[in-house]
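In what follows, a single structure is set out as structure tokens and then discussed.
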Amino acid sequence: MRSCRDLLQSNDPEVFETLAGEENRQRLGVELIPSENYTYPEVLAVLGSVFTNKYSEGYPGRRYYGGQEFTDRVENLARERACEVFKCEHANVQPLSGSPMNQAVYLGLLEPGDTILAMDLSHGGHLTHGAPVSHMGRLFNFVRYKTDASEGAIDAGEVRALAREHKPKLVLCGYTSYPRDLDYAAFKAVADEVGAFTMCDASHYAGLVAGGVMRNPFDYGFDVVTTTSHKSLRGPRGGMVLCRKDLAARIDKSVFPGLQGGPHMNVIAGIAITMGKALAPEFRDYARQVLLNAKAFAAALMADGAQLVTGGTDNHMLVMNTSKSFGLDGKVAEELLDEVGITTNKQIVPDDPNPPLRPSGIRIGTPAATTRGMKESEMERLAGWIVDVLRHPDDAGRRVAIRREVEEMCGRFPVPGLE
Ligand code: DSN
């Protein structure tokens with residue numbers, strides 16, 4: 001029998017060519033965008049499976065369509081395993097991705113116009129944490145805390161002062177560009193003082209929480225934790241809302257029918273697999289190595305004169321100020337590194353004088369490289385290449401030589417699913 005891949009190649013060579021090109025790009029280059037990863041081959045298998053054919057509006061045991069024996073079973077597996085991984089009472093695994101996941105929480109727990117205290121996008125928060133360009137920024141009254149001007153770290157005193165002044169209904173922490181763990185006890189104390197819900201968007205580092213190398217917000221009494229399933233967790237592109245049992249009905253109703261229609265059952269099957277993997281002892285080793293790699297990367301870059309926001313990392317991510325380190329904005333740095341097969345992303349840094357499409361820094365993350373089996377010595381080589389490329393932006397020949405070295409190294413670390 002011909003494989004699905006062979007069918008694609010002969011029936012739609014144009015699309016096949018894009019797939020083959022992307023496979024090659026992933027195989028030959030190093031992925032350092034902190035929010036990306038290589039998912040498990042088993043997840044790739046269910047994403048392209050017949051689960052994608054099924055409509056399953058509702059929840060296990062309470063669906064609006066027939067034929068749900070196996071979808072119910074797989075969604076229950078995903079929910080039960082997620083609760084075990086994150087030590088929580090309820091999991092909704094239906095959010096289609098990160099943005100609807102956060103929107104479902106706001107709309108389920110609050111009324112439009114209510115105040116939410118969250119991290120400013122320009123200091124590391126996410127679009128859905130109330131950026132004025134996001135619809136959530138129009139629907140709710142976001143008050144945004146920033147990081148401390150000298151260190152680039154979150155200032156618990158400012159969070160408390162803003163909470164006392166604005167009396168939010170929800171205190172939100174979590175980030176997309178911040179290299180430190182969070183003081184959940186301080187956020188919880190502030191929220192309790194003003195009678196607010198506590199929510200953490202742990203999307204970026206949930207894999208490190210699952211692997212026991214970063215703090216778990218539920219250990220500090222948080223009400224809700226949201227996470228995407230594809231970043232440090234290595235799963236399919238989906239989202240989860242994790243919460244206390246007494247909030248479960250409000251959250252579930254908000255996800256469906258409030259915000260979404262039919263869940264993507266192929267993704268939910270992938271989340272079930274991902275949560276099963278996160279419960280295995282090997283996942284703790286993976287999480288530990290992601291962290292060790294990030295620390296080794298940070299140390300090597302700083303030893304070579306690079307300036308990192310907060311001067312290091314406690315998680316999987318580094319934020320480098322390329323303007324201060326090398327006199328190059330983040331867009332130029334990203335493009336130069338792309339040329340040598342090292343993929344990063346341009347990134348605004350706290351109090352950035354430059355606009356988002358030409359910001360002052362880049363983000364670097366270790367989850368994907370660690371999935372390929374790279375360790376501290378590879379991180380040190382990568383840091384050396386990055387500094388070499390950014391110190392010599394006019395030296396195209398140097399980039400050609402470094403690209404060859406990057407490809408040679410990548411050849412020794414296969415991408416899961418592309419061996
Ligand atoms: N796009 C994600 C990130 O890169 O952090 C967040 O949604």
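Keep in mind that this is a model prediction, so the values were computed, not measured. Residue numbers count from 1 along this sequence. Side-chain atoms are counted along with the backbone in the values below, which use heavy atoms only and exclude waters and symmetry mates. Whatever order the structure lists ligands and atoms in, that order sets their numbers, starting from 1.
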Atom 5 (O) of ligand 1 touched by protein (heavy atom, under 4.0 Å): yes

Ring center gap for Phe197 and Tyr106 short of 6.0 angstrom: no

Presence of salt bridge, Glu57 and Arg63, under 4.0 angstrom: no

Sub-4.0 Å heavy-atom approach of His204 to ligand 1: yes

Residue pairs fulfilling salt bridge (charged side-chain N to carboxylate O under 4.0 Å, His left out) with at least one residue in residues 194-210, sequence neighbours excluded: none

Side chain, backbone, both or neither: His230 near ligand 1, heavy atoms under 4.0 Å: neither

Residue Glu17 excluded, over 12 heavy atoms near CD under 6.0 Å: no

Lys/Arg cation over aromatic Tyr40: Arg234, 6.0 Å, 45° cone: yes

Heavy-atom nearest neighbour in the protein, as seen from atom 7 (O) of ligand 1, with distance rounded to 0.1 Å: His126 NE2, 2.9 Å

Protein heavy atom at shortest distance from atom 1 (N) of ligand 1: Ser35 OG, 4.6 Å

Contacting atoms of ligand 1, where contact means under 4.0 angstrom from a heavy atom of Arg363: 3 (C), 4 (O), 5 (O)

